[in-house]
Amino acid sequence: MGSCVQVKAATLVTPSDPTHTHVLKLSAIDSQLFLRFTIEYLLIYEFNGMEKQDIINRVKAALGRALVPYYPLAGRVRVRPDGSCLEVVCRGQGAVFVEATADFTATDFERAPRYVTEWRRLLALEVVDVLKGAPPLVVQLTWLSDGAVALGVGFSHCICDGVGSLEFLNLFAKLATGVRSGTTASFKQETTSFMTGLPKPVWQRQLLDPTSFKHDAVEHPEFKLVTDRCKFMTRFEPDRLTPTSVTFHEWRLTELKNSITQTSQLRLNSVTTFEVLSAHIWRSWAKALNFPPSQTLKLLFSIDIRNRVKPSLPTGYYGNAIVLGCAQTTAKDLTEKGLAYATELIKEAKNRVDDKYVKEVVNSVSLNGASCVPDPVGVLILSQWSKLGLERVDFGIGRPVHVGPVCTDRYCILLPVHDHNRSVKVMLGVPSVAVDKYLDLISAVQ
């Protein structure tokens, strides 16, 4: 199988209409150090017979249109002069659009990549530091050797979270479906009509700024340092990882749920698919890596707070409306106490997050700044992309047959499965020395 990707052109796409010229402040949540990376989606579409140039023209035109209501994504991020947080300089600078060709075929994405960076150049412009003037949005359209199309999209996480990025993608795709060759005036009408049924973008980042909220000093476990008993981070260097991809169909997920309700007080209708599947992944990972029994392990995952704060955030808020849930225990307890135990830890971590909890986190990250960063030792980070709606993003060329990350590394991603809306695909880079054991464990009901 070939894996050569050739970039044919890279252009700057600016908003198609004039937009505001000003500086917008990002929230305390947006400005956290650990969010200064790029969310990188990879969507694969099968060949549908359309002319390549027609697709390119549609997508580029739609990108320019979508950047009008979402104009901060065409800006540039910098640190505020007082150093308190980040801000976006909005002057319509533009997003980057890349056209490329590759030797891959659509079927190559039915399995895990052979190594962490095998698909890296399907989003060739890797934004390492958005604060150095890089664009916060990169889109790459790559033609595969069988006529299929790969769409790579990179969003600066400090501007939007997963929910916010999908709200943009939905408008972008809807515009691409309807855009035809025509005048600028027709594009203006189309943007207005295509916003119908989609949330209007809401900035209002001040809603997640520090408040005068008084609370006792609370040490959130996601930020607390733990003792490293196994040179933890050396195990997870990219060249030591093997990407894995495991699909859980509905019957397997039901089997997992049934296995814990038979051995614990948990009721079947009180356990979510996310909770039990995350617990199963966490335990399989921990067992395969054979950590010292006393090593503290954490599972970190994003929790959407849009409806957990009071009052709720407005519909269309596309900034980071997330805090980290943290389930924590020792390697001994995680591997020996059973699936129900791990599931309950995750459920408890979710249930802790309420309005008071969010305000504590906001105030903490505002006061402590750079020191308020999750400790990586003992941590498995899990992101749930399976509920975002990525599998429905249609640019007029059909729905994607594969959705996933550009690079499969030490971050575990839960993904939707094409034509199986109750199934979940799990992609994770596992240390090569433990990958066979991990695959055996995750494929079994423990």
Next on the checklist: Does His220 form a ring pair (Phe, Tyr, Trp, His ring centres under 6.0 Å) with Tyr357? I'd like the steps, not just the answer.
Outcome noted: CA-CA 9 Å; His220 285 269; Tyr357 185 100; 4.4 Å; yes
TODO: Show the numbers, then the answer: is there a salt bridge (Lys or Arg N to Asp or Glu O under 4.0 Å) between Arg306 and Asp161?
DONE: CA-CA 11 Å; Arg306 284 169 173 79; Asp161 62 7; 3.0 Å; yes
Original post:
Trp203 and Tyr317: ring pair (Phe, Tyr, Trp, His ring centres under 6.0 Å), yes or no, with the steps?
Top reply: CA-CA 6 Å; Trp203 188 260; Tyr317 184 93; 8.4 Å; no
I'd like to know whether Phe291 forms a ring pair (Phe, Tyr, Trp, His ring centres under 6.0 Å) with Trp285, so could you lay out the CA-CA distance, the side-chain angles of the two residues, the decisive distance to 0.1 Å, and finally the verdict. CA-CA 10 Å; Phe291 295 112; Trp285 173 84; 5.3 Å; yes
Evaluate Ile56 against Trp143 for side-chain contact (heavy atoms from CB on, under 4.5 Å), listing each step before the verdict. CA-CA 10 Å; Ile56 292 170; Trp143 302 102; 3.9 Å; yes
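Between Asp209 and Arg205 there is no salt bridge, since no side-chain nitrogen of the basic residue lies less than 4.0 Å from a carboxylate oxygen of the acidic one. Using a cutoff of 4.0 Å between basic side-chain nitrogens and carboxylate oxygens, Arg80 and Glu87 are scored as salt-bridged. A salt bridge links Glu126 with Arg120: the closest approach of a Lys/Arg side-chain nitrogen to an acidic carboxylate oxygen falls below 4.0 angstrom. The pair Glu344-Lys347 does not count as a salt bridge, with every side-chain nitrogen at least 4.0 angstrom from each carboxylate oxygen. Electrostatic pairing of Lys350 and Glu275 counts as a salt bridge here, judged by a charged N lying under 4.0 Å from a carboxylate O.
When each of Thr21, Thr14, Val88, Thr19 is checked for a side-chain contact (heavy atoms from CB on, under 4.5 Å) with Tyr71, only Thr19 meets the rule. Of the options Val77, Leu35, Val130, Leu24, a side-chain contact (heavy atoms from CB on, under 4.5 Å) to Leu86 is made by Val77 and by none of the others. When each of Ile322, Leu324, Val358, Val309 is checked for a side-chain contact (heavy atoms from CB on, under 4.5 Å) with Val353, only Val358 meets the rule.
You'll find the side chain of Arg410 stays beyond 4.5 Å of the side chain of Arg235, heavy atoms only. Annotation: side chain of Ile29 is in contact with side chain of Val362 (closest heavy-atom distance under 4.5 Å). With a 4.5 Å cut-off on side-chain heavy atoms, Phe274 and Ile346 count as touching. Side-chain contact between Ile442 and Tyr438 is present, with at least one heavy-atom pair separated by less than 4.5 Å. The closest side-chain heavy-atom distance from Ser16 to Leu67 is not below 4.5 Å. Contact check for Thr244 versus Val435: side-chain heavy atoms found under the 4.5 Å cut-off.
Panel note: side chain Gln328, backbone Leu299; no donor-acceptor pair is recorded below 3.5 Å. With hydrogens and angles disregarded, a donor-acceptor distance shorter than 3.5 Å links the side chain of Arg283 to the backbone of Leu334. With Asp17 contributing its side chain and Val68 its backbone, the two residues share no donor-acceptor pair below 3.5 Å. At least one donor-acceptor pair under 3.5 Å links the side chain of Ser145 to the backbone N or O of Asp103. Gln93 places a side-chain N or O within 3.5 Å of a backbone atom of Val89 that can act as its donor or acceptor partner. Put simply, the side chain of Glu118 never gets that close to the backbone of Ala112: no donor and acceptor are under 3.5 Å apart.
Under the 30°/60° scheme for interplanar angles, the aromatic rings of Tyr70 and Phe168 are found to stand perpendicular. Between Phe236 and Phe232, the two ring planes are tilted [angle within 30° to 60°].
Ser165 and Tyr318 are not linked by any side-chain donor-acceptor pair at a separation below 3.5 angstrom, with hydrogens and angles left out of the test. For the residue pair Glu40 / Thr38, no side-chain donor-acceptor distance below 3.5 Å is found, with atom types taken as modelled. A donor-acceptor contact closer than 3.5 angstrom links the side chains of Thr242 and Ser432. Side-chain contact check for His402 and Tyr45: no donor-acceptor pair (N or O, by modelled atom type) lies under 3.5 Å. Between the side chains of Asn320 and Asp30, at least one donor-acceptor pair of N or O atoms lies under 3.5 Å. There is no side-chain donor-acceptor pair under 3.5 Å between Glu391 and His418.
Atom CZ of Arg352 is surrounded by more than 12 heavy atoms from other residues, nucleotides or ligands within 6.0 Å. With a 6.0 Å radius and a threshold of 12 heavy atoms from other residues, nucleotides or ligands, His22 has its NE2 atom above the threshold.
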